[in-house]
Amino acid sequence: MLAFITLLSPLIAAAVIVVGLLRAPGAASKLSVLSAIIGFVCSLLMLLGMGGSVEPFVWAKAGSFSLTIGLLSDDYLAQGMLFIVTFVGLLVHLFSLGYMKDDPGKARYFAGLSLFMFSMTGIVLADNFAMMFIFWELVGVSSYLLIGHWYKKDSAADAANKAFMVNRIGDFGYLVGILLLFAITGSLGFEEIRNAIETNPPAQGMMIAATLCIFCGAVGKSAQFPLHVWLPDAMEGPTPVSALIHAATMVAAGVYMMVRVIFLVEAAPIAGEVIAYVGGITALLAALMATQQDDIKKVLAYSTLSQLGYMVMAVGLVAKHPGSEYAGQAAFFHLYTHAFFKALLFLGSGAIIYACHHEQNIWKMGGLFRRMPKVSITFAIGTAALMGVPFVTAGFWSKEVILGEAYDTPVLFWIGVGTAALTAFYMTRLFVVVFFGESRSDHASHAKDPGPIMTIPLLVLAVPSVIAGFGFVAGLLHIHPPHHAGDHAPFIIGASLGALTLGAALGFFLYSGKKKEPIGFPLFRDKFYLDEIYIGMVRVCQDAVAYLAKAVDQIVVDSLAVLGTARITRGLGNLFRFSQVGNLQGYAFLFGGGVLVVMILLFSFVR
Amino acid sequence: MLTLNHFLLASGLLFSIGLAGVLLRRNIIVIFMCLEMMLSAANLSLVAFARFNLTEAGMPDYNAQVLVFFIITVAAAEVAVGLAIIVALFKARETVHVNDLTSMKF
Amino acid sequence: MTLAFYIAAAVMLLAGIGVVVNRNPVSAAFCLVVSFIGLAALFISLNAYFIGIIQILVYAGAVMVLFLFIIMLLDIKAETKRKINYYSAGGAFALVALFVAQITAVLDVFETGKKEMPELAGDKGSDVAAVGELLFTDFIFHLQIVGVLLLVATVGVIVLSKRDAPPDPAPDQ
Amino acid sequence: MPAYGLEITVVCLGLVLLLIDAFREKGSKTVIAAMGAIGLALVLVFLMFGSAPTGETYWGIYEWDNWAKFYKGLALAATILVLLMSVDYAAVFKRYTNSDESKSGLGEHYILPVFACAGLMWMASARDLITIFISLETVTITFYVMVAFMRHNVGSLEAGVKYLILGALSTGFLVFGITWTFGVTGAFHLDAIGEGLSRIEGSAVPALFALVLLLVGLGFKIAAVPFHFWVPDVYQGAPAPVTAFLSVGSKAAGFIILLRVLEPFLQSDLTREAALTLLAILAAATLLIGNLAAIPQTNVKRLLAYSSISHAGFLLVAIAAPVEGNPDAWRTVTFYLGAYLAMTMLCFSILCLVRAHGGSDEMIGFSGLAERNGLLAFGMLIGLASLAGLPLTAGFFGKFFVFSLAIQSQLYWLLAIAVLGAAAGFYYYFKVAKSMYWEKADEAAEFTTGQTIEISFATRLVILGLVVATIFFGVAPGVLFSWF
Amino acid sequence: MDITLLHFIVCLPLVTAVAILCGGPARQLARGAGVFNALLGGALFYYFDREDPGFQFAGSFEVLASPSISFAVGVDGLGAVLVLLSVIVMLCAVWQIPRKVEGRMDLYCVSVLLIGGGAIGAFATTDLFFFYAFHELALIPTFLMIGIFGHGPDRSTVAWRITIYLGVGSLVLLAGLLWLVHASGAESFDIPTLIEAGQNLDAEVQKWIFLLLLIGFGTLVSLFPFHSWAAPAYAAAPTPVSMLHAGVLKKFGLYGLLRLAVPMLPEGFAAWETLILVLLLGNVIFIGFVTISQRYLDRLLGYSSVMHMGYAFLGMMALNEVGYNGVVLMLFAHGLSIALLFALCGHLRERVPTMEIRELGGVAKAAPFLAVVFGMGAFASIGLPGFANFAAEVMIFLSAFKGGLGDGGGLTALQITCIIAVWGVVISAVYMLRAYRNVFQGEREPEEGTTDVAHESRWPLVLLVVALLAAGLFPNLILNLLP
């Protein structure tokens, strides 16, 4: 019952706003926040074991087959994730009240936010692939709506489109994967599939294909290489949205989904390896790209990518440790800690951007530490967590677990460590440039801390950013990070410490007191030219093919087949018509000829 | 000795000559005459058939001759009407040549 | 008997060819008369005296006179001036030749055609009576239809030959 | 009442009208048309509801069965409609003869169809080749006169001459065919011919030779390829009501005779297969040429001529596709012709009206008809739809049964050609619809006056009646079937 | 003969058309008929007995004894869904009739009513003859409507093409249907009788009949490569015609296949499976790419409707319950969504100077309602959850995999086709969102004086959206009707 309330309250809010409150932004925002509060309370209660079970709802029925909406209200993983989602969601709602105060599309914005909460809750609670796919698509929609909130800006409209398209490509794979699993096991429910695979292991090849296809969904949604390109562009949306959707929750949905079906990775180790490498590559590339970005949100976006890479890597590495009781928990642990500190960082950046009158270029900020102490301190906590400052930040613990998982695979391990160093480097760069030194623009020099409606969420988020990594806190959410590191723990800690120190020191010394970018590295700044490459690919593989198809359609189908037939018919018609010579004698001749032909024909039938 | 085929061949040849006339001549009146020839050729066959295939009474089937009588009558009427049309045409167009009658075609 | 047939048939066919090849319509008409006389002879050789007589009376007499009358009335000589189109003439000849070939082929397999002329059982000259009787008994109905036909033809000829003011100068085709 | 009474009545009607025409010099000739139409209508009523003549035949040559009855009805209905049409067409008619009514021959113009009607009715009952020949010639000679009737119109005269010469040519072949049939079977009566055929031993060629020659004569009447050459020119040149009469009356009578004549040949094992194959080939050729050659036409009358050829093709398909022990070919052909009467007459009546109101037969003359007179355009549209064979019109059921027959006798290739032909039909019929509805009258000023067409109440009634009939038989074909 | 609700639904548009021809007030009558019919349709939906798999609201009137042809009506679940779709779309379509037209208003209204009434009749009748005949009823009105009231310079070509194409297609279909009737030996055109009599037809016969039906019905549904009539015609036709044609009438082909070919010609399906799979990929992928390269919004919508028909074929190929339900839902959903999009396209056309996507932009600023509803239509069309299209697509995809893997653990041809066809989901997102982005969003300023949809014209659009959402959120509303 609680699960149903959690699921439906944001939907109702969104529906009511769309139907009746578009002209009343105040009421709309309040309704939306109310629904977020209800959701949070319900998830809290569920976490306390008051969820109970919910009868599945038959959504679509076809004879004996049916698609159902079933809610996993007594599943630990779902409860934990639900808490994260509703918690961050609530804070983002509150923050938005301030951030979007004067926006003309405020009601629309909150409707979108509520729709997103509904969809995300649906993903979390889904007990089968069909339902998850429904909500999977819905988060895509709400993400599209929210990124494109300022649709009058070309860049925002384009970014929304790009996000949607790229996600659709991932969804293509995801849907194919679901279909393959359906064919293999004959069902769509997670439990049923798991049982079917365990009792009757299918052919490995088909299993690998299915798992990788399912993973495609995660690649799209969690913005893994090579489908990562949409996430940085998605920063065109309002910053709270970036915090909620493009940092804490939606992009983590891919990881959540993979953890939910981690048994697939276990059943197909080769697929697991691929997944792990995809994660690793994403982590490293994103970190490299982050080092040269000037937009505060872009830096954070690339860091998100990088951290998601860690999580995906952890998912893939599950295959290396078969039979583990807590398979996938490493990834989920990082997801969980990351949600807090990344939301914190985004909201912090939102506050900064708000204070600087929507200025996002870090080189036009500077010296904000003195002017915005609350924001600065919370931002510092977030940065520390992201960099993995040992023992006192949540990020440290979760990253350490992942590195421990990767220890057996040296390549991935060193990628992880390298990424950690890069993370420390670019976060230091960001922090130094934004908060220290002199203010480099008018807006920056007049910035000040925003009101409590925006600072309180920051403060609230700062707490779990510190403590969430501790085992007992994680245990509240039923998270049990595995410890594969064992004896190697000191080595791992040492490596990550070294990376942290190296990166932070380099960042500090390079950027301290600089007024503009001291080093130019176009390859990283221009994101390995991947956008350009993709645009080229789209031109060739899609637009050119489309043009070709149109040409074929017009020339072959239309002109040759259809018009050709018409012409032939008409030509024959003219031919016959010109036998009508108009001359009487001609007719007589043809008549006589006709008689002869008929006669000869008829006699030829006689045997 | 004379057989039925002699008559039929004569009739067929007359028919063909008539047909040839229709196909060759350009003067509508002459064409019309050739058509009369074709009808007469048919008459010859008819009478010949009747004469060679006697009825049970041992006499020709006079029905055939009645038909010939009718054919001649009809042909006469046809000639009258046809010539009237040809005269009207001549009045309007000053020609009885088939090649001049091609205002409608295709 | 046979000789008479060949002579009559030859007259008929040669005169028929004369109709086709004579470029002067008047000569053609005369040829047709001759041809019909040959034909009448054949009728008579087939014991169809009545038909033979009306062939001469109606056809060679009345109908052909009508033809000549019209030819004279219209004073047609146009055809003599025109050239012969040898292609179409060739085509026509080929067609007719093929037609003749067909007829001969049919006659070739026509068994009945191979039989000789049987003797008549009754009076050879009774055909006028027989035809007349049939016409007014069994075929009285047909005779009436033919009457209608002649009436229609008469009406038609009268209407078509009506005389009136010069026609509309701009005839619509 | 004796069986032949109906025809005699019609002939008497014609004679009376002739007398009235002759003795009534002054005044409008419309009276004659009206009297003719009323008289024929009375005959039609009598035919439908009057007591049937007793006894099967009259001297064995006069058939009185349901088919004969129906075809007589068709002839009467067609003639009545032609007379009504002729009244509307009188203006055009007078332009090409004489502006004075009595000198124009308008009276005769109204009377000749009555005699033709008598001939058509005889044809419907003819059971032997002599009757067939005579009644056919009665009709043909009447038509020679009627086609050439507009004696100052070169087109009409040219059409008359072409019809005359080719008609006489076909008569020659027909007579030759009758001769050979007599020679091969020793009989003129169709039943006796059947017996005669069954007695033949040896080659089938002479019998087939006779059949071919008969088919030439009858194929000419029904406008089957390759004996169709006269059709477009004559249809185009003849006065429109006469064209309609040719298209409906002459063709329907041709078909009943074709059906009757073919019956012994199709029942005889000797000739059956060859004849059917030949008919199928003729049907295919007729369909192809009729439909395809119609596509580029720009003159509505000529278009309808080609359409008439194409319909002959469909009808031939039905004849060429016999189903054992089943009178379906007869039923189908008869139904088709009944439907054909309604739709063709509809089209031609409207054509007459358009022509008479300053238009022309050219398609462009129909431009903007929808604005000039909505009823005419709508009626034409229905007529064309029916000719094209769109469902819920009578024409569809015709094609429907034809296709069914083709399938039942497994003549799939012929079916394919029929489908192709029907498809081409959509194009050329809709072309007229396009002129009427899409185009504007003022863009075709050369061909139309562009003014609104006023039509009389009677005409309106006739057109509405034909529209209703076309649709009614398309929805409830059973009614038409119940009449034969 | 029992008079049932269905008789009224079938006859009302036709009777209204006659009334208009007799001089009644055209626009008002048409609207009245639309509203009334929708109410009757609602009653049908309400009173339809969901437990009864047979034909309901049945009544027949014989018009010909041999072969037996009757004016028989009756709907089972399939028919009910499509009748429902028809009345909804027709209601919205008659509301799109403009106040003033260049030409004769009565002609306009009669044509719309005939097209809609024909579609309803075709779905409601249980007699094969009327099934065919009602569909053909639309042919002439469409021809006239495009020719007289259509848009664009090439409308005459387009009108010809759709007319001839559909004419030819339906003739082929007629041949196939007649053959089917003959082969079944039923001597009756009553569809239930026919299906009963025509079980276990000879495989070879099935094969050829199926081919004819496939070409015939396929042409009507714009199955590749018989599609080239569709998009240009929809683009050129007046709005109500596009709505009815693309939304309702086009479904006739699939309806026919579901009604006749699925129960009677299973071996026909088997014989031509590869062909159909290739053709439907032609629809989904090839036409998908063609759609991407369209430059005009109306054509794009037209091609998108062609493309989506491929999915319906895909659902049919599985020959199982899931596929059947999916296809029916697809027909319903696609009908509503494409009608909505064409209605919006019509509104847009009145407001902007061109339909060329590149030349437009920023319309949402001036016409937010239009933009929002268009967005919903676009979302529905690309199959996003919440709209009925999504449920249909998912069910169709699942149907192909319902039977498990093929022999030897590999994929069957159908499954491979299905996987390729899933890519169509991406394609449709590409062209739809690209178009939406260019037309409605962005910085370009719309033409001076561009207005939003007038208030009184909004509710038909809302109705369509609501219907789409209702069927999307609760597909069982529709699926329950099916046995």
Side-chain angles (χ1 to χ4, degrees), chain A residues 18 58-65 67 119 130 133-138 140-141 144-145 148 151-154 156-158 160-161 164-165 168-169 171-172 175-176 178-180 182-184 186 188 202-203 205-206 542-543 545-554 556-558 561-562 566, chain E residues 161 164-165 224-225 227-229 286-294 320-322 324-326 329 362 364-365 379 384-386 390-391 394-395 397-405 409-411 415 418-419 422-423 425-426 429-430 433-434 437 440-443 474-476 479-480 482-483:
Chain A
V18 168
V58 178
W59 181 63
K61 191 168 144 305
S64 54
F65 176 82
L67 297 175
S119 329
F133 186 70
I134 294 172
F135 289 99
W136 194 262
E137 291 286 300
L138 276 179
V141 175
Y144 169 83
L145 293 175
Y151 61 85
K152 288 169 197 166
K153 268 169 69 187
D154 279 339
D158 287 336
N161 261 8
F164 195 90
M165 302 299 178
R168 270 262 147 159
I169 295 173
D171 294 348
F172 163 74
L175 186 53
V176 171
I178 294 174
L179 293 173
L180 288 177
F182 181 59
I184 294 168
L188 290 168
M206 202 50 102
Q542 179 184 298
D543 295 351
V545 169
Y547 190 79
L548 195 71
K550 187 180 176 185
V552 169
D553 189 51
Q554 274 178 354
V556 178
V557 179
D558 234 36
V562 177
Chain E
R161 184 171 299 179
I164 301 303
Y165 223 124
F224 178 84
H227 63 275
S228 58
W229 59 271
F286 180 77
I287 299 297
F289 276 113
V290 174
T291 317
I292 288 180
S293 60
Q294 292 305 310
N320 59 26
E321 274 176 334
V322 184
Y324 182 83
N325 281 264
L329 195 57
K365 283 176 229 171
F379 280 168
L384 288 180
F390 172 80
V394 167
M395 288 175 81
F397 294 147
L398 286 174
S399 73
F401 293 84
K402 179 78 170 40
L405 294 173
L411 295 170
Q415 286 166 349
C418 182
I419 289 174
V422 172
W423 185 256
V425 170
V426 179
V430 168
L433 290 184
R434 224 189 229 186
R437 149 84 186 84
F440 289 98
Q441 303 180 329
E443 280 156 17
F474 305 104
N476 280 342
L479 298 178
N480 269 346
L482 302 172

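Order of the sequence lines fixes the chain letters, A, B, ..., with proteins taken first and strands second; residue numbering starts at 1 for each chain.
- Within the 4.5 Å cutoff, the side chain of Tyr165(E) has heavy atoms near those of the Val562(A) side chain.
- Rounding to the nearest 0.5 angstrom, the gap separating the CG atom in Leu548(A) from the CZ atom in Phe289(E) is 10.5 Å.
- The CG atom of Asn320(E) sits 9.5 Å away from the CZ atom of Phe65(A) when rounded to the nearest 0.5 Å.
- For the pair Phe397(E)/Phe182(A), no side-chain contact is recorded, criterion being any heavy-atom separation below 4.5 Å from C-beta on.
- Under the 4.5 Å side-chain criterion, counting only non-hydrogen atoms from C-beta, Trp59(A) is in contact with Pro475(E).
- Annotation: side chain of Lys153(A) is in contact with side chain of Glu443(E) (closest heavy-atom distance under 4.5 Å).
- One finds the CZ atom of Arg434(E) at 11.0 Å from the CG atom of Asp158(A) (value rounded to the nearest 0.5 Å).
- Ranked by heavy-atom pairs under 4.5 Å with chain E, the list Tyr547(A), Phe164(A), Phe135(A) is led by Phe164(A).
- Going from atom CZ of Phe224(E) over to atom CG of Asp553(A) covers 7.5 Å, rounded to the nearest 0.5 Å.
- Using a 4.5 Å cut-off between heavy atoms, Leu398(E) touches chain A through backbone and side chain atoms alike.
- Using a 4.5 Å cut-off on side-chain heavy atoms (C-beta onward), Ile419(E) and Leu180(A) make contact.
- Applying the side-chain hydrogen bond (donor to acceptor under 3.5 Å, both in side chains) criterion to Asn480(E), with sequence neighbours excluded, gives no partner residue.
- Of the listed residues Phe474(E), Phe286(E), Phe440(E), Phe379(E), the one with more heavy-atom pairs under 4.5 angstrom with chain A than any other is Phe286(E).
- In terms of heavy-atom pairs under 4.5 angstrom with chain A, the leader among Leu433(E), Val426(E), Leu405(E), Val322(E) is Leu433(E).
- Note on Asn325(E), Leu411(E), Val394(E), Ile287(E): by heavy-atom pairs under 4.5 Å with chain A, the leading option is Asn325(E).
- Ala364(E) touches chain A through backbone and side chain together, each having a heavy atom under 4.5 Å away.
- Phe133(A) and Phe390(E) have parallel rings, their planes meeting at less than 30° on a 0 to 90° scale where 60° marks the start of perpendicular.
- Looking only at side-chain heavy atoms (C-beta outward), Arg437(E) and Asp154(A) come within less than 4.5 Å of each other.
- Judged by distance alone, the side chain of Asn476(E) and the main-chain N or O of Lys61(A) form a donor-acceptor pair under 3.5 Å.
- A heavy-atom distance below 4.5 Å is found between the side chains of Ile169(A) and Trp423(E).
- You'll find the side chain of Leu384(E) stays beyond 4.5 Å of the side chain of Tyr144(A), heavy atoms only.
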